[in-house]
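Only one structure is covered here, and it is reproduced in the block below.
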Number of protein chains: 2
Amino acid sequence: MTDRIGGLPDRIRVGIVGYGNLGRGVETSIGLNPDLELVGVFSRRDPASVETLRPETPVYALDDIASFADRVDVLVLCGGSKSDLPEQTPLLAKQFTVVDSFDTHAKVPEHFAAVDAAAQAGDNVAIISTGWDPGLFSLNRLFGEAILPQGETYTFWGRGLSQGHSDALRRIAGVAGAVQYTLPSETAIERVRAGENPELSTREKHVRECFVVLEDGADAEAIREEIVTMPDYFEPYDTNVHFISADELARDHAGMPHGGFVIRSGETSPGVSQTIEYRLALDSNPEFTSSVLVAYARAAARLAARGERGALTPFDVAPGLLSPKSPEQLRAELL
Amino acid sequence: MTDRIGGLPDRIRVGIVGYGNLGRGVETSIGLNPDLELVGVFSRRDPASVETLRPETPVYALDDIASFADRVDVLVLCGGSKSDLPEQTPLLAKQFTVVDSFDTHAKVPEHFAAVDAAAQAGDNVAIISTGWDPGLFSLNRLFGEAILPQGETYTFWGRGLSQGHSDALRRIAGVAGAVQYTLPSETAIERVRAGENPELSTREKHVRECFVVLEDGADAEAIREEIVTMPDYFEPYDTNVHFISADELARDHAGMPHGGFVIRSGETSPGVSQTIEYRLALDSNPEFTSSVLVAYARAAARLAARGERGALTPFDVAPGLLSPKSPEQLRAELL
């Protein structure tokens, strides 16, 4: 399985599509990975209006991206899952090897099918739903279940700000700004830790708290109703909506912490209990998600270079491909 | 990436080589996985003398294993890393697809090379060093480093009984029975949790405690010296050796708990700290290791059926291959 990665330049050339928190995180992360080279940011905005964290980062119009086909090994797609990625990932997978962090769990099969068709047609690789949930948390759910088939898996999030859900709030007409925090239910966590293997409904496990700034003249009650009934995002949870001022939003809600854990608890024989626990404690959710995207960008470029085609998820990617180290180094240093 | 697993019977046919704690654990684990079928146990002992946990499990002489080439899809090798696996894995990889849990970290490159040559020659797949360390812990070291390139990784074990190290003790001439517990240093853990990113020597992180029953007439001091100077296993640690009676061993040291954690702590930008923590709390180390071996046996049989060849480690195996579920199911249920 060694020496199969050929056809790549010395440094993998990466493009960033979309320049919000995630795009900025990818820009920073590429700077920490000497085997990667940033070709530039591709934006729907006027390139002259985009201020990058690093002044040397080139910014191009997204409309011109086709002309970069020979200058980019992999694109990291940094749009939102609600409306950007369902369009952009299939569109760009026809022309480029891409990675995204599509995070609407219920729509993964649909997104996968659309991206797979595009990537197959374009002879490219597309890794979707990297990031940490879906992504790293999904991997831990899979490992837990495969190793301890007789048991239960629990995922808890927070307390943390959810990018995808905040994004969904901000897209509602009449909303000027918003953040959403997810809180795990303390009661639920205690029952899991006590080894009760409880049946917990979605509603029992987490609460969603929304802090929303209204545009002038917006109808607060209509917006509250639109939020709490939004399918997949808010409808399955107890959701509290707080209306605050723009000043309060800027003052009290500037950080983007997150975290959570996946616990698999099971028995390998009667009375013999085994527990696997995976936890993330993140100062910045977008910077962490970006770091995961960048590791999967490396894997995507390598898979494309060795002739793989079509859509993949983290389930399909051998972990060694995420590391800049050679298989020999990995075995000697990390196994 | 779907529909690539062909050429396997409805149930994957598994053979167990070696019938100690690990072999018994594999026998039990196969019973929890309906897509796997146990062909039998292969032992160096007289088959009539081997009492299996399930009376219906057939036992065969290891010498006759060649005649099972068409009746076994994958062998799970359950010998010890000190002397069994370095011989058995290359030998059997010439004839069968195999998995082992070789756990002498320092000798992994050597073992990999020998197994790879044999598996390539025999046109088979061999996944080495599954289990949890090496294995699951190695994977978490790799993910941590790939995602947070600027940071430190810490692995702590215990308090737990180490199979490999107990096995090494038992092989010393004059030792009638023995167990070895690994204890993490509380001071070291506290420094890591406080975010100090300390430099810790092997000796500062863990202590090894050995409880040894001597054979009649054995020289206690010579055996103590042989233990504490044993390379890789005990020499790099502060090792305490306690001599106890056979009755004490049976009464106080029958359980086989273990566990530990891998922590990666790093910064994605100045002052922005991110922490990934992976923990195992195991009532039975061999039963858990066996469960990991069995999941990788499934992966090995699938990789062999799709035409892969040679030695692999968990770094080379796409996680989805560990699960009995189809890629479609995994995406819909776990992503």
Side-chain angles (χ1 to χ4, degrees), chain A residues 1 25 28-29 32-33 105 108-109 112 129 134 136 138-139 141-143 145-150 268-269 271-284 287-288 290-292 295 298 308 310-320 322-325 327-328 330-332 334-335, chain B residues 1 25 28-29 32-33 105 108-109 112 129 134 136 138-139 141-143 145-150 268-269 271-284 287-288 290-292 295 298 308 310-320 322-325 327-328 330-332 334-335:
Chain A
M1 299 293 283
T28 305
S29 175
L32 300 178
N33 288 282
H105 294 268
V108 162
F112 183 89
S129 299
L136 303 179
S138 319
L139 287 172
R141 288 189 280 267
L142 186 156
F143 274 100
E145 204 179 85
I147 293 163
L148 300 172
Q150 209 161 69
T268 46
S269 62
V272 177
S273 171
Q274 320 270 19
T275 303
I276 307 173
E277 184 168 333
Y278 185 78
R279 285 177 188 240
L280 296 174
L282 311 175
D283 272 3
S284 166
E287 284 190 17
F288 188 78
S290 300
S291 303
V292 181
R298 175 184 290 121
E308 293 280 348
L312 305 170
T313 76
F315 296 156
D316 307 307
V317 178
L322 303 177
S323 168
K325 294 184 173 171
E328 292 76 12
L330 290 175
R331 287 193 294 270
L334 298 183
L335 203 65
Chain B
M1 297 294 284
T28 305
S29 174
L32 299 178
N33 288 283
H105 294 268
V108 162
F112 182 90
S129 300
L136 304 179
S138 319
L139 286 172
R141 287 189 281 267
L142 186 155
F143 274 100
E145 204 179 84
I147 293 163
L148 301 173
Q150 209 160 69
T268 47
S269 61
V272 177
S273 171
Q274 321 270 19
T275 304
I276 308 173
E277 183 168 334
Y278 186 77
R279 285 177 188 241
L280 296 174
L282 311 175
D283 272 3
S284 165
E287 284 190 17
F288 188 79
S290 300
S291 303
V292 181
R298 175 184 290 122
E308 293 281 348
L312 305 170
T313 76
F315 295 156
D316 307 308
V317 178
L322 303 178
S323 169
K325 294 184 173 172
E328 293 76 13
L330 290 175
R331 287 193 294 270
L334 298 183
L335 203 65

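We name chains A, B, ... by the order of the sequence lines, and we start the count at 1 in each one.
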Minimum heavy-atom distance F143(A)-P319(B), with the two atoms named = CE1-CB, 3.9 Å
message = If I take atom CZ from residue F288(A) and atom CD from residue Q274(B), how far apart are they, to the nearest 0.5 angstrom?
response = 6.5 Å
message = Which heavy atom of N33(B) sits nearest to which heavy atom of P149(A), and what is that distance?
response = OD1-CG, 3.7 Å
query = Which residue out of P314(B), A332(B), S291(B) racks up the most heavy-atom pairs below 4.5 Å with chain A?
reply = S291(B)
task = Please name the pair of heavy atoms, one in S138(B) and one in L335(A), separated by the smallest distance, quoted to 0.1 Å.
result = OG-O, 2.7 Å
ask   = What is the distance from atom OG of S323(A) to atom CZ of R141(B), rounded to the nearest 0.5 Å?
value = 13.0 Å
query = Closest heavy-atom contact between E145(A) and L334(B)?
reply = OE2-CD2, 3.5 Å
inquiry  = Less than 4.5 Å apart, side chain to side chain, heavy atoms only: is that true for I147(B) and L136(A)?
reply    = yes
key: Atom pair CZ/OG1 of R331(B) and T313(A) - distance to nearest 0.5 Å   = 6.5 Å
Heavy-atom contact with chain B under 4.5 Å, split by part of T28(A) = side chain
note = Scored by heavy-atom pairs under 4.5 Å with chain B, the best of P134(A), S273(A), P109(A) is S273(A)
query = Is chain A contacted by the side chain of S29(B), its backbone, both, or neither, given a heavy-atom distance below 4.5 Å?
reply = neither
ask   = In terms of heavy-atom proximity below 4.5 Å to chain A, should E287(B) be classed as side chain, backbone, both, or neither?
value = both
query = chain B: which of P324(A), G310(A), S269(A) shares the most heavy-atom pairs with it under 4.5 Å?
reply = S269(A)
message = I need the F315(A) CZ to L322(B) CG distance, nearest 0.5 Å.
response = 11.0 Å
ask   = Quick one: does D283(A)'s side chain have a donor or acceptor within less than 3.5 Å of a partner on V272(B)'s backbone?
value = no
query = Atom CG in L32(A), atom OG1 in T268(B): separation rounded to 0.5 Å?
reply = 8.0 Å
remark   = On a heavy-atom basis, the closest approach of A146(B) and A295(A) is O-CB, 4.0 Å
ask   = At a heavy-atom separation under 4.5 Å, does L142(B) approach chain A through its side chain, its backbone, both, or neither?
value = both
note = Tightest non-hydrogen contact, residues L280(B) and I276(A), listed as CD2-CG1, 3.6 Å
task = Check side chain to side chain donor-acceptor pair (under 3.5 Å) between S284(B) and all other residues, then give those that pass, not counting sequence neighbours.
result = none
